[in-house]
Amino acid sequence: MSELLSPDILMSILIAAMGVATVILLAALGELVTERAGIWNMGVEGTMLTGCLIAYFTMVATGSPVIAALAAMAAGLAAGLLIGFMTVALRVDHFVTGLGFNLLASGLTLFWFRSYVGGSKPPSYSTIGKTPIPVLSDIPVIGPILFDQHLLTYAAILSVPFIGYFLRRTTLGLETRAAGENPQFLEAKGLSVSTRQYGALLFGSALTALGGAFLMLAFADQFRPDISGGRGWLAIVAVIAGNWRPVRTMIAVMVFAVLDSVAVHAQGLGVDIPYQFFLMLPYAASILLLVMIGSRSGQPAKLGVPFLKH
Amino acid sequence: MRLPTIEARSLCKSFGPVRANHNISFSVNAGELLCLFGENGAGKSTLSACLTGLFPPDAGEILFKGEPLRMASAADAIRKGIGLVHQHFVLVPDFTVLENIVIGSEKGFNVQYVEAEKKLRRICDNYGIGIDPNAWVRDLSVGERQWAELLKALYFDADVLILDEPTATLDVENSKKLFRIIDKLKSDGVALILITHFLDEVMQSDRVAVLRQGELVGIRKTAETTPEELTRMMVGRDLEPIIRERTPVGPDRLVLENVTVIGVGQVPDLDNVSLTVRQGEIFGIAGVAGNGQNPLMEVIAGVRTLAKGRISLDGKDIGGLNARVIKDIGLGHIPDDRFVEGLVSEMSIEENLILGDQRGQFASKLFLDFPKMQRNAVQMIREFQISAPSGETKAGDLSGGNAQRVILAREMRLASKVLLANQPTRGLDVGVIEYIHSRLLEKRADGVAVLIASSELEDLLNLCDRIGVLFQGRLMGIVETEKTNLEEIGLLMAGKVKEDAA
Ligand SMILES: Nc1ncnc2c1ncn2[C@@H]1O[C@H](COP(=O)(O)OP(=O)(O)OP(=O)(O)O)[C@@H](O)[C@H]1O
Ligand SMILES: [Mg+2]
């Protein structure tokens, strides 16, 4: 146990946590926008997994992480479109849609991956490198944690204020929020609710799939069928624990990411506590967070309620 | 001496900086009707919420039959026999009337539907309320929902019954019926508190408590006071009557020809309605609520689909255009259900005041122009006397009448050519109704075609140049305000066809 507390290991835990946080944060921000538009998208885990697989295929085929990330986002758009078709157009229950989508995604990705590799060893590639920021990355302690990371990590953190700004200060953001709070009002003003909900879903799903691509390209050199490992669910919990506010959601994400990173390190170090205990930590924390925070004042009034135009 | 059924002693309740109730003491006896009278935002709804356990008061106490009352929740109050009919409906639309009533009241594991229904039917018969316990709430009209709310309170044999602006959504007939029920409840020994902005209803009470800015100004025996005195107590000054000048009417502005809108069942919501509103004219729509006022406004605004007929504005066909396009031409629309189609409760006053126009003058490119929104809010709050701590206050935290003012402010600004106003002054206090009327007359003077639907016939007669009467989606006739009277309109409203077509 005490091994985990040595300064070197602590640094290593925090540095790795920023990477994990990027994955969950991208998905959580996407989900936040989607939920603010009134769609309770439960298909985050499946979308992330899809993003992983497509990024893997593309990376193997092209060797370009940029193309891989773009391909994953395209797959995310397709997932968003499908979920949107179910929830917005057909007005199927949001939970049922999401759970169904997750089952579909885990089945299909497994099938596709298996038939792709056949019996042979799956091809691998080298993971993408970090981009340290000159000068800043030399600051002791903070430098390696915050400024010696992947480009996408910086981007994910910077997008937190951007999403906040978008929701509060732009016309489209205002309309997106109105879709979640009072769609009937929007419709009475001649503004289509479904366009805005589709838009939010497409945006959110693309971001989630990008998170999946990052997970794939930065942490693994080949695909595993369970690679997303519940991080999509953590993203959903982070949005709730963050009371549907971007900054608070990011804080919740950080808690999960640190615990996730602790688990990985514990496993590597072979501490005397069964590592399954550590694996459980993020989920235990998520439940604890939900219980402790309690306030759901930020929840959109019509979240998860299929909207019927009259 | 007999103890009062309910008594408040120095009740205080604040929301942040807003003192909604301050040091309020009064009591109501069994069989007595006390009226709470006061401006929008004076604290009437807050007071009733405190009395029914919805909000814990900050200070002071409540005595129920002489005993200090401790309520953990609203359910507690109901069980003790204190019922409240809310200003804004709190019914679950996807439940039946019966389900809405028994929810939270059943003690055992199984819901005793059969007995509950029996009891409910007995109450309906007893008080003459014609509503089907098994009807879905979503299918009920606004007026019928009011009865469902009342039934919810009656079902628990309340000793105290608080009614928060029940008549705002009822037409004249139903309001009379409500007062018959109130009389019966009085004779059954119930202590009643009624909140209303209508002076004629206030005058039917036993005593009146006047609130102003959270404080109790005074309590009067109704028999010993006058509407004038009450109004003066309420606003703290005399009201100046507005001058209604005739303005010259211009050419036809808004023309409806044989407009038909499909309804849910067999009967159309609007059946072959033709009318013309001229430039600088106020056209009134009279009729019992639910006879086609909503569809009429909505089809003009482009919210409902036009099944047959033609709608034109300044000679240009606008039938079937998208609501946003029509709005951009210069149409303002005040919908009748303020929290459904009028406002987004979770958003601030600033945001609500520009919703619908967020891509127009309040945007610079893709971004909202916040300074401009703030200035607009400051101006509107002043003009329409919206009582709120600031423009950042959430619309959902406003009192009913103040929320209505936010909608009025927004839509009146948008209406440069046509203003559709469905029950525009519902829930407003007497002081501001006069102001709204003068603003409507200003709109008319500016050449705007104004179409007003109201259940207040007196208001329509005061304000309108011509009045059309709707009955079951059909226009029964159009009368000139100067040549008509209440009886004629009343007959048309009941579905009697006008014989001498004027
Ligand atoms: N939940 C709340 N949060 C913050 N402020 C509130 C809340 N509820 C009421 N207020 C404020 O308290 C004051 C009194 O409101 P209240 O609803 O009691 O007025 P009212 O007399 O019922 O008015 P109306 O005639 O318009 O219904 C108002 O200024 C209102 O903005
Ligand atoms: Mg009120």
Side-chain angles (χ1 to χ4, degrees), chain A residues 32-33 35-38 91 93-94 161-197 199-200 203 239 243-246 295-310, chain B residues 93-94 138 262-264 269 294-295 297-298 301-305 321-329 331-348 350-352 354-360 362-370 373 394-396 407 410-411 414:
Chain A
L32 188 143
V33 172
E35 292 194 9
R36 290 299 284 267
R91 298 191 297 111
D93 183 275
H94 296 184
F162 271 107
I163 300 267
Y165 186 88
F166 164 77
L167 287 171
R168 242 187 92 60
R169 296 263 156 154
T170 65
T171 53
L172 195 57
L174 185 75
E175 291 162 11
T176 303
R177 283 189 288 137
E181 296 290 354
N182 188 348
Q184 212 164 328
F185 174 88
L186 213 54
E187 207 67 51
K189 288 277 165 207
L191 300 164
S192 150
V193 173
S194 50
T195 323
R196 278 150 193 90
Q197 293 188 327
F203 172 81
V239 174
N243 201 18
W244 289 267
R245 305 275 190 273
S295 163
R296 298 178 81 167
S297 57
Q299 178 171 350
K302 291 290 148 65
L303 177 56
V305 184
F307 174 64
L308 177 61
K309 201 172 145 176
H310 61 234
Chain B
D94 286 326
R138 57 164 187 264
I262 312 278
V264 201
D269 276 354
N294 274 346
M297 300 287 180
E298 287 174 356
V303 182
R304 292 282 291 263
T305 16
L321 288 185
N322 175 285
R324 187 159 39 96
V325 179
I326 299 178
K327 189 210 78 214
D328 288 341
I329 302 176
L331 173 134
H333 177 202
I334 300 161
D336 81 326
D337 199 336
R338 59 175 83 110
F339 280 113
V340 174
E341 287 181 346
L343 291 169
V344 182
S345 342
E346 286 304 311
M347 290 192 183
S348 67
E350 277 166 16
E351 290 172 327
N352 269 291
I354 63 127
L355 276 174
D357 204 16
Q358 72 274 28
R359 291 172 181 248
F362 291 100
S364 49
K365 303 227 178 60
L366 289 175
F367 301 101
L368 293 170
D369 187 346
F370 260 53
M373 284 168 63
K394 279 199 317 190
I407 304 176
R410 181 186 63 219
E411 298 300 328
L414 291 174

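In what follows, every chain begins at residue 1, and chains take the letters A, B, ... in the order their sequences are listed. In what follows, every heavy atom counts, from backbone to side chain, and hydrogens, waters and symmetry copies are set aside.
- Remark: B/Lys394 NZ to A/Ser297 OG distance equals 7.0 Å, nearest 0.5 Å.
- In this structure the side chain of B/Leu355 reaches within 4.5 angstrom of the side chain of A/Phe185, judged on heavy atoms.
- Of the listed residues (B/Asn322, B/Ile326, B/Leu366, B/Leu321), the greatest number of heavy-atom pairs within a distance under 4.5 Å of chain A belongs to B/Leu366.
- Applying the ring-ring contact (aromatic ring centres under 6.0 Å, His included) rule to A/Phe162 yields no partners; only residues at least two apart in sequence or on another chain are considered.
- Under the side-chain hydrogen bond (donor to acceptor under 3.5 Å, both in side chains) criterion, A/Thr171 pairs with no residue at all, not counting sequence neighbours.
- Per-residue heavy-atom pair counts under 4.5 Å with chain A were compared for B/Gly342, B/Pro335, B/Ser364, and the maximum is reached by B/Gly342.
- Taking 4.5 Å as the limit, some side-chain heavy atom of B/Ile354 sits within range of a side-chain heavy atom of A/Leu174.
- Under the 3.5 Å distance criterion, the side-chain polar atoms of A/Asn182 are left unmatched by any main-chain donor or acceptor of B/Glu341.
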Exercise for the section: Might you work through the side-chain contact (heavy atoms from CB on, under 4.5 Å) test for A/Thr170 and B/Leu368, ending with a clear yes or no? Expected result: CA-CA 5 Å; A/Thr170 65; B/Leu368 293 170; 5.6 Å; no
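- How far CG of B/Leu343 is from CD of A/Glu181: 12.5 Å, rounded to the nearest 0.5 Å.
- In this structure, B/Glu346 and A/Lys302 have side chains that are not in contact, with every pair of non-hydrogen atoms separated by 4.5 Å or more.
- Taking 4.5 Å as the limit, some side-chain heavy atom of A/Leu191 sits within range of a side-chain heavy atom of B/Gln358.
- Contact of A/Phe166 with chain B is not made at all, since no heavy-atom distance falls under 4.5 Å.
- For a residue to count as touching a neighbouring chain, one of its non-hydrogen atoms must lie under 4.5 Å from one of that chain's; by this rule B/Phe370 touches chain A with the side chain only.
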